[in-house]
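Residue numbers start from 1 in every chain, and the chains themselves are labelled A, B, ... in the order their sequence lines are given, proteins ahead of strands. Reckoned from all heavy atoms, side chains included, excluding hydrogens, waters and symmetry mates.
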Amino acid sequence: MSVKGKERADLDHYDPEDLLPAITYRQLHSQTLGVRDPLRVIALCDSDAFYAACEMVRLGITDKPLVVLQWESLIAVNYPARKFGISRMDKLKDAKARCPELVVVHVATYKEGEKEPGYWDNVDTRTHKVSLDFYRRESAKIHGIFREMLPDAEVEKASIDEAFIDFTQPVRKLLLHRYPELAQPPPDELDNVLPPPPPIKWDGLGNIVPHDDTDDSESSPPNTWHDVAISIAAELMHKVREEVRIKLGYTLSAGIARNKFLAKLSASYRKPNSQNNLLNIAIPHYLEPMQFQKIRFLGGKLGDALAKEYDVSTVGDLLSVSLNDMQSKFGEGAIWIYEILRGIDRSEVKAKSSVNKSMLASKNLAQAITKAEEGYHWIRVLAAELALRLKDARETNPNLWPKTLVLHARHGYEASRSRQAPFPFRRDFDVSYIAGAGNKLWKELVGTATTMKVTSVQLAFTGVGAAESGQRSIEGFFKNGSSSSRNDDHVDEGLTGQVENAPATSSFTCPRCQKELRATALEDAEVNAALEAIKVEHGDWHFAQDLAKEDLSSTERPRLSLREPVKGSQALSPPKRKKKRKREDEEPKESIARFFVRR
DNA sequence: ACCGCACTA
DNA sequence: GGTAGTGCGGT
C-alpha cells in the first residue's frame, strides 16, 4: 500500500498557520482583510467545450458528437465526440473516420459582400473571414446570469469562456446568518478563536479533491471554518451552474479554492459538468505531483525556462529550490513563483467591466497580398466587422468610444508592423469612415513599396471606454469634432483629410475659455443642431468645472473619462517580464537570457 | 502619445 | 494555426 510514492505530501514546505489557520472573531468580522482574509473563497467557472456548446445550443443538438471547424482545423470538440477519441489536434478526416456520424459545423464567417456574419455552405479562406460574434454574445449572457445571481460577489471575466468569482463576501454573509453564535462574539473576547465548526454535508456540492491517496474517509482530518466557507461557495456555485444550464443550455465546470490559481487548477480536476472543491488540507497533495506548466502563467515561456533551469517538471520538484536561488535567476519577481508553488496567490479578483478595452478584427492570408490595393479590400471587411461590433456594444452602452484605431500588417515571416491614429468620438459612424481611416494607416504602413508579401492584416479599436454614468448622452445624428478639450486637435485632424466626402462643419468660440467648438455632420442641415448640442454640453462642462474647482488642465475630457485605472499591485502580480537580474555581473543561462533579455 | 513586442488562452 | 485580449518598455 505504501510502496510507491508518498501517500502524504511532505508538509515541511508549508506553514500550518497558513493552511489551517485558527480564525478569530476579529478576523471573521473584519471587512478589510482582502486577499489575506483567512476565509477567502474563489471559484473559477468555465464552460465545457464552449464553442461546440454554442453550436449545439444554436442547432438544438443535445447529445450528438460535434466539432467546430475553422477552415481545416478543429477548434472545439464536444464531450460526446471526445468519447470517440477525437481531439483538437486531429485532422477533420481522422475525426470523421473515428466517428462517421460526427456533426461538423464551420464557425460563422463574414462573406464578401454580406453585411453580417452567417453560416454558409462553402466557406473559403480567400473570401471569408471568421466571426466569433455569436460566442461573444453567448458568453455575455452567461456572465449576465453570474452578475444577476451573485450581486455581492466580484466577477472577473477571464476569457470568453471563463470567469473568476470571489465568493468571500456572500459566503461571509451566509456564514453569519446560519451560525448566529458567530455573529455574537463573547464580549471583549474578539481575539478568541471560533468554536469548532459543524460537520459539513457535501452531498450535491461536487467533488472533493482528496488530501491523500487513501479512500478511507475516516482518516479525514476535522473540518475547518474555511472548509465550511468552501462548502457554502459550492452551494452558490451549484445554483448558478444549474441556472445557466436550464436557462441557456450550457454546462459549466468550476473549481473552488482559497485563491485564483488553485481555483483554476482544480476546475480541471474533473470535467465536464462538475465542480471540484479544493480544501486547504488537500493543497500539498494536489499540488506536488502537478506539472507546474499547468499552472496559470507558467504554461508558456516562463514555465519552459523554469523546467530547463532546474531540469524538473513538477511542483514538488521545485520546492527544494530556495527563494534566493530562484530570485538570482529569475529576478525579484520570482517570489511570486515561490509562493505559487506553496499554494499562495494574493492576486485579486478584479471585477472587470463587461466591455473589453479593445476590439480586434484580424485576417491571416494564406495567399499573401502582393499589391497595395489588395489591402483595401480586407481593411474594408475588417472595418465592417468592427463597425458592427461597436454598434452592438453601444446597444447596451450607448456612449462607448474607441480612442484609437490601429492597423497591424505582417510582412512574410517577419514580425508585424503597426500604425495607429486617434479615432474621434462619434455617436454615428459607418463602415466607410473606419475603412477610410484604416486605408490611411495602410498607406503609412506600406509606404511607397510596390511589391510586398503581407500575410496578415489586423484592424483594432483600442482604448474602448464608456462615458460616465451621469453623463447626458449627446444624442443624435451629428458627429462631434471637439467637445472635449483644446488639446484634442488631433481629433479634428483625424476627421479631415482622412475621409472622402468630408462632412459639413460649423464652429463656435466659447466666450469663457476661447476654445473653438466644432460640429460636423453628414448633412448641412444638421450642423446647426449639432453645434447647439455641443454648446450646451460645453456649458455643462464649465458648470461641472466650477463645482469641482479643479485644475482645467487635469480635466480635459469632461465627464467622458475612461474606466477606472488599473491598480495592479506590483509585488503580488505575476512575474514582470523585464525584471532585472539581481546580480548583473553574472551571465544568465541561455534559456533565462532569452526570456528576460530582448533580442 | 505612439509603436513594437511579449505573453496569454 | 487562427482569432483574440492585455500590459510593458522604449522613444
Side-chain angles (χ1 to χ4, degrees), chain A residues 44 46-47 50-51 68-76 88-91 106-110 117 123 125 128-136 139 156-163 264 267-268 293-305 333 350 352-353 355-366 382 385-386 389 403-411 413-423 441 444-445 455-464 487-491 493-494 556 565-568 570 573-580 594-599:
Chain A
L44 180 283
D46 64 18
S47 173
F50 184 55
Y51 292 177
V68 180
L69 216 55
Q70 179 176 275
W71 314 130
E72 307 304 314
S73 322
L74 304 192
I75 57 169
R88 278 177 50 175
M89 301 291 98
D90 293 337
K91 300 280 180 216
H106 192 280
V107 62
T109 54
Y110 285 89
V123 292
T125 177
H128 295 60
K129 185 211 163 293
V130 164
S131 167
L132 303 181
D133 242 26
F134 179 62
Y135 310 142
R136 285 191 201 97
S139 172
E156 174 182 332
K157 197 172 182 222
S159 76
I160 196 165
D161 71 345
E162 62 184 16
K264 166 86 180 166
S268 48
Q293 297 193 333
K294 289 184 183 167
I295 293 173
R296 203 162 86 112
F297 298 125
L298 295 183
K301 299 196 176 182
L302 180 52
D304 284 344
K350 184 123 190 355
K352 289 186 184 156
S353 133
V355 179
N356 287 326
K357 294 185 181 68
S358 65
M359 283 182 193
L360 172 67
S362 72
K363 174 67 187 172
N364 283 9
L365 301 150
L382 301 177
E385 175 173 349
L386 289 183
R389 284 171 61 183
K403 201 177 165 194
T404 309
L405 184 71
V406 189
L407 178 72
H408 284 256
R410 185 179 147 127
H411 284 233
Y413 294 111
E414 293 168 28
S416 88
R417 299 301 201 85
S418 74
R419 285 292 181 275
Q420 60 188 292
F423 190 78
L441 294 173
E444 283 182 35
L445 215 44
T455 50
S456 154
V457 188
Q458 311 184 322
L459 194 64
F461 286 141
T462 64
V464 182
N487 289 335
D488 270 356
D489 300 11
H490 57 262
V491 166
E493 285 164 19
E556 312 217 305
V566 189
K567 71 148 198 267
Q570 288 287 72
S573 303
K576 300 287 177 274
R577 307 318 164 206
K578 288 285 286 187
K579 267 294 195 282
K580 272 213 164 109
R594 219 171 305 134
F595 188 74
F596 285 100
V597 184
R598 238 173 247 264
R599 244 154 242 148

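Between A/S73 and the phosphate of C/dG2, there is no side-chain N or O to OP1/OP2 separation shorter than 4.0 Å. Distances shorter than 4.0 Å separate some side-chain N or O of A/R419 from OP1 or OP2 on B/dG4. Under 4.0 angstrom from either OP1 or OP2 of B/dA9 there lies no side-chain N or O belonging to A/R88. Contact between the side-chain N/O atoms of A/K403 and the OP1/OP2 oxygens of B/dA1 is found at a separation under 4.0 Å. Contact check, A/S456 against C/dG2: no side-chain N or O comes under 4.0 Å of OP1 or OP2. Not one side-chain nitrogen or oxygen of A/R296 sits closer than 4.0 Å to the OP1 or OP2 atom of B/dT8. Side-chain nitrogen and oxygen atoms of A/R417 include none within less than 4.0 Å of the OP1 or OP2 phosphate oxygen of B/dC2.
Of the possible donor and acceptor atoms, one in the side chain of A/E156 sits under 3.5 Å from a partner among the backbone N and O of A/K350.
Here the side chain of A/S362 is nearest to one of B/dC3, C/dA4, C/dT6, namely C/dA4.
Listed by chain and number, the residues in a side-chain contact (heavy atoms from CB on, under 4.5 Å) with A/A361 are A/K129, A/L382, A/E385, A/L386 (sequence neighbours excluded).
Counting non-hydrogen atoms under 4.0 angstrom, A/A361 reaches the backbone sugars and phosphates but no base. Note on A/K264: nothing from the nucleic acid sits closer than 4.0 angstrom, heavy atoms only. Within 4.0 Å (heavy atoms only), A/I75 reaches at least one base atom of the nucleic acid.
A donor atom on one side chain and an acceptor atom on the other are found under 3.5 Å apart for A/S139 and A/K157.
Looking at A/D304 and A/K301, no side-chain N of the basic residue comes within less than 4.0 Å of a carboxylate O on the acidic one, giving no salt bridge.
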